[in-house]
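All values below come from the heavy atoms of this structure, side chains included, with hydrogens, waters and symmetry mates left out. Labels below follow one simple rule: chain letters A, B, ... track the order of the sequence lines, proteins then strands, and each chain is numbered from 1.
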Protein chains: 2
Amino acid sequence: MKTYSIGEVAKMMGVTTHTLRFYDKEGLLPNVRKNSAGLRRFTEDDINWLLILDCLKATGLPLKEIRHYIELAKQGSKTLSERREMFIHQKERVKQQMEILNKNMEKIDFKIKYYDEAIKNGEENVYLKNKHLAEEKKRLFKVD
Amino acid sequence: MKTYSIGEVAKMMGVTTHTLRFYDKEGLLPNVRKNSAGLRRFTEDDINWLLILDCLKATGLPLKEIRHYIELAKQGSKTLSERREMFIHQKERVKQQMEILNKNMEKIDFKIKYYDEAIKNGEENVYLKNKHLAEEKKRLFKVD
DNA sequence: GCTTGACTTAGAGTCGACTTTAAGTTCTAT
DNA sequence: ATAGAACTTAAAGTCGACTCTAAGTCAAGC
């Protein structure tokens, strides 16, 4: 079976070899084997796992919860539903992140419109001249 | 004009008073005035700014770049287009974040389907039985 | 008048996720 | 055979964004 060196994998994943060794030390690379010379050899499965790890990290799961997930996986099929729950929960987190991102996008779009108007008028006092913007400001910038 | 104490604003914004003072110390609250007793009094405009600050933070702009934006704003209308550019750039960042989030959502959805199938079969060896999943795995988990 | 919460400066501590250093070993190409 | 890259380990250092402590003063509401 084809395997990859730590350097090759680092390049593939866009991280440094240091980071991969750090993950290994932290128990985040559960299956990576070492060859007779003590060098890590990564399989396709290891790389697949790194892609999941990346997904979990990118969606805000802390490394120690990722480690917990690994522990579950090691315990075999009796933890299948617990692992499923973890991904369901993560999906909810991602939905929330999307909502927040959409709201922030609206605010940023508003600010761009604001600056378009301000540049057109050569000054910042925009709300008196543009009632539409003033209304939008009210809608977007309020505290719950 | 109605003003708010640091404690009221902290509650509104869902942060601690420590954080607000930290922001002030770091030059991130440019207009907050203090009353005769030296207590901070936040205006509606200050709260509006905190909402923008929050938006910029949440979309990944570091505090020192936020400080830079404040510097620009202080320099008046000659920096209007530079400030507009900053928001245009931030909009691009947010678009990227959305793309990444969508891709990660697909991976998470895949994992949920994977676990649904594994639970149904009582074991993890799912790809032999479900060609559709095997195909989707190939599509979702590949390194560029 | 007492409790609660505000203020001040200055500095130390925390947390997560790396990142770098040091000192040594092994692989690959010429 | 030797240079230089890539590998090994353990441990210390960095960074951003808070978070808290200390030690003391001041003010508002009941």
Exercise for review: Give the B/S/- string for nucleotides 14-30 of chain C, one per nucleotide from 5' to 3', where a protein heavy atom under 4.0 Å of the base yields B, of only the sugar-phosphate yields S, and otherwise -.
Suggested key: ---SBBBB-----S---

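- Looking at residues two or more places apart in sequence or on another chain, you find no side-chain hydrogen bond (donor to acceptor under 3.5 Å, both in side chains) involving A/Glu65.
- A/Arg21 comes within contact range of at least one nucleobase, with a heavy-atom separation under 4.0 Å.
- Here A/Glu26 pairs with A/Arg67 under the salt bridge (Lys or Arg N to Asp or Glu O under 4.0 Å) rule; sequence neighbours left out.
- Atom P of nucleotide D/dC7 and atom CZ of A/Phe42 are separated by 9 Å, given to the nearest angstrom.
- One interatomic measurement links the two molecules: CZ of B/Arg41 to P of C/dG5, which rounds to 15 Å at whole-angstrom precision.
- The backbone N or O of A/Glu106 sits nowhere less than 3.5 Å from a side-chain atom of A/Asp109 that would complete a donor-acceptor pair.
- Under the 6.0 Å distance and 45° angle rule, B/Lys107 does not count as a cation-pi partner of B/Phe110.
- Between the CD atom of A/Glu8 and the C1' atom of D/dC7 there is a distance of 13 Å, rounded to whole Å.
- Residue-level contact check: B/Ser5 touches neither bases nor backbone, having no heavy atom under 4.0 Å from any strand.
- Rounding to whole angstrom units, CZ of residue A/Arg40 and C1' of D/dT9 are separated by 9 Å.
- Summarising the geometry, the separation between CD on B/Glu65 and P on D/dA17 is reported as 10 Å, rounded to the nearest angstrom.
- For the residue pair A/Tyr115/B/Glu85, the side-chain donor-acceptor check at 3.5 Å is not satisfied.
- Within a 6.0 Å sphere centred on CZ of B/Arg33, other residues, nucleotides and ligands contribute 12 heavy atoms or fewer.
- Rounded to whole angstrom, the span from the OH atom of A/Tyr4 across to the C1' atom of D/dA6 amounts to 19 Å.
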